[in-house]
K.L.:
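The following block contains the structure, expressed as C-alpha cells.
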Amino acid sequence: MAVRQAAAWCYRGGSISAEPRINDRIRVPEVRLVGPSGEQVGIVPLAKALELAQEYDLDLVEVAANARPPVCKLMDYGKFKYESAMKAREARKNQAHTVIKEMKLRPKIDPHDYDTKKGHVVRFLKQGDKVKITIMFRGREQSRPELGYRLLQRLAEDVQELGFVESNPKQDGRNMIMVLGPHKKKTEAMAEAREAQAARKAERQGVPAEQEQSAEEPAEA
C-alpha cells in the first residue's frame, strides 16, 4: 500500500496542525473502527486496523481523536482531501455577500433621469442587493423635505414587486436616506443568473434542447 503522508498533530512555532493522524502516526493501543462504507467494525487493536487498511489498500484515518478509544475510519485519504477541497471551493463560490448599492437623486429630478435611476434600482434588487437611496437637498430645497419624502415613497411603490422598505426615510443633514431590501435572497439571485447565462450559452451554441430531443425521437413507421 502506498502510504499517503499527512502531518501529525505537532507544535511548530505556536501553531497546531489541523490534519488528522493517519496510519503509523496513530499512537494508541486500540481504536473504534469504521469500515470504508461507514459500517461499524467495532473496537480492534491498532495493529489489526492497520492490517485491514493494507488489505483494502486504504488509509487508517483518525476521525475522532477525543473519543475513548479514538474513532478511525478506512478511507482513501488523498481522495478525501481532494473532494473536501472541491466542496470548500464550491461553497466559497456560492457564498452570498451582502452588498449595499447606493443611488443618489435630487428632489426635483427630471422624469427621464428618474426612469434611468429607477432602472438601476430595479437591476440591483433583482441581483439580490440592498439599495441605499439618498435624496440630496441644496439651497432652498432644504426647507422642502416633503419633496424628498414623496419621491422616496414613489420609488418604493414603483419597485414594490422586487423590494421593500427596510429603513424608512430619515433626514441626515442635507440628505434624506431610505434603504430598500430585495424580496429575493442573494443566493437565489445568483443561482437564477447562472441558469440564465447557461441558457444563453446553449442557445448560441446550437439548437434549443427541445428541438434536439424531438430530433432524437425515432420516426413512426
Side-chain angles (χ1 to χ4, degrees), residues 14-19 80-213:
S15 63
I16 300 177
S17 171
E19 297 284 351
F80 170 77
K81 286 189 65 176
Y82 174 78
E83 292 177 347
S84 297
M86 291 298 100
K87 289 179 181 178
R89 180 180 177 183
E90 188 66 21
R92 288 193 298 270
K93 179 180 177 182
N94 295 328
Q95 186 176 4
H97 299 280
T98 301
V99 178
I100 299 180
K101 304 289 187 177
E102 185 172 9
M103 188 58 57
K104 296 181 179 180
L105 294 78
R106 295 293 306 280
K108 298 179 181 180
I109 188 171
D110 177 84
H112 176 73
D113 290 340
Y114 173 80
D115 290 338
T116 300
K117 300 278 188 178
K118 183 182 71 174
H120 292 312
V121 174
V122 167
R123 176 164 53 87
F124 295 148
L125 292 174
K126 284 183 176 180
Q127 293 173 351
D129 296 323
K130 296 182 180 182
V131 189
K132 176 183 176 183
I133 312 296
T134 302
I135 304 295
M136 302 179 295
F137 296 94
R138 293 180 182 175
R140 297 186 212 177
E141 293 175 347
Q142 297 180 58
S143 63
R144 301 289 304 279
E146 69 277 5
L147 294 177
Y149 185 79
R150 285 201 294 266
L151 182 59
L152 291 176
Q153 280 189 316
R154 174 188 172 189
L155 180 59
E157 291 175 359
D158 287 346
V159 300
Q160 61 183 341
E161 293 185 0
L162 299 171
F164 62 95
V165 177
E166 185 174 285
S167 178
N168 290 317
K170 63 180 179 180
Q171 196 74 28
D172 183 15
R174 296 184 179 183
N175 301 327
M176 183 175 287
I177 297 172
M178 176 181 74
V179 177
L180 296 174
H183 290 313
K184 187 179 301 181
K185 293 182 179 180
K186 183 70 173 179
T187 50
E188 295 175 356
M190 292 170 62
E192 290 183 2
R194 285 196 296 270
E195 290 177 1
Q197 183 179 8
R200 290 193 297 269
K201 183 178 179 181
E203 290 179 359
R204 289 195 302 268
Q205 290 179 345
V207 185
E210 294 81 359
Q211 295 185 21
E212 289 185 358
Q213 184 176 359

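Here the structure is a predicted model, which means the values were calculated and not measured. No hydrogens, no waters, no symmetry mates; every other heavy atom, side chains included, goes into these values.
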K.L.:
When you look at CZ of Arg123, are more than 12 heavy atoms from neighbouring residues, nucleotides or ligands closer to it than 6.0 Å?
P.N.:
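Check passes, neighbour count above 12.
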K.L.:
Looking at Arg144 and Glu146, is any side-chain nitrogen of the basic one under 4.0 Å from a carboxylate oxygen of the acidic one?
P.N.:
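Yes.
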K.L.:
So how far is it from Lys117 NZ to Leu105 CG, rounded to the nearest 0.5 Å?
P.N.:
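It is 6.0 Å, given to the nearest 0.5 Å.
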K.L.:
Roughly how far, to the nearest 0.5 Å, is CE of Met103 from NZ of Lys118?
P.N.:
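The distance works out to 13.0 Å.
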K.L.:
What's the verdict on side-chain contact (heavy atoms from CB on, under 4.5 Å) for Arg204 and Lys201, showing C-alpha distance, side-chain angles and the deciding distance?
P.N.:
CA-CA 5 Å; Arg204 289 195 302 268; Lys201 183 178 179 181; 3.9 Å; yes
K.L.:
As a quick check of understanding, evaluate side-chain contact (heavy atoms from CB on, under 4.5 Å) for Lys126 and Lys184, giving each step before the final call.
P.N.:
CA-CA 7 Å; Lys126 284 183 176 180; Lys184 187 179 301 181; 5.6 Å; no
K.L.:
What distance do Lys101 atom NZ and Asp129 atom CG have between them, rounded to the nearest 0.5 Å?
P.N.:
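The distance works out to 5.5 Å.
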K.L.:
I need the minimum non-hydrogen distance between Gln171 and Pro145, along with the two atoms involved.
P.N.:
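Taking every non-hydrogen atom into account, OE1-CB, 4.0 Å.
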K.L.:
Quick one: closest heavy-atom pair of Pro182 and Phe164, and the distance?
P.N.:
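Pro182 and Phe164 have their closest heavy atoms at O-CE2, 3.5 Å.
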K.L.:
How close do Met178 and Ser167 get, counting heavy atoms only, and between which atoms?
P.N.:
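Met178 and Ser167 have their closest heavy atoms at CG-O, 3.3 Å.
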K.L.:
Is it the case that atom OH in Tyr114 sees more than 12 heavy atoms from other parts of the structure closer than 6.0 Å?
P.N.:
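Yes.
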K.L.:
Quick check: are there more than 12 heavy atoms from other residues, nucleotides or ligands sitting under 6.0 Å from OH of Tyr82?
P.N.:
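Result for OH/Tyr82: open.
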K.L.:
Here's a test for you: under side-chain contact (heavy atoms from CB on, under 4.5 Å), which of Leu151, Leu152, Ile133 qualifies with Met176?
P.N.:
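Single pass found, and it is Leu152.
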K.L.:
Return the NZ to CG distance between Lys108 and Leu147, rounded to the nearest 0.5 Å.
P.N.:
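Between Lys108 NZ and Leu147 CG, I get 6.5 Å after rounding to 0.5 Å.
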K.L.:
For Glu141 and Met136, work out which heavy atoms get closest and say how close.
P.N.:
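What the structure gives for the nearest pair is OE1-O, 3.8 Å.
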K.L.:
Could you grab the distance from atom CG of Leu125 to atom CD of Gln160, nearest 0.5 Å is fine?
P.N.:
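Atom-to-atom, Leu125:CG and Gln160:CD are 12.0 Å apart.
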K.L.:
Quick check: closest heavy atoms across Phe137 and Gly148, and the distance to 0.1 Å?
P.N.:
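Answer, listing the atom of Phe137 first, then Gly148: CZ-CA, 3.8 Å.
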K.L.:
Looking only at heavy atoms, which two atoms of Phe124 and Val131 are closest? And how far apart?
P.N.:
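Here Phe124 and Val131 meet closest at CB-CG2, 3.6 Å.
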K.L.:
Atom CG of Asp172 and atom CD1 of Ile135: how far apart are they, to the nearest 0.5 Å?
P.N.:
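So the CG of Asp172 and the CD1 of Ile135 are separated by 13.0 Å.
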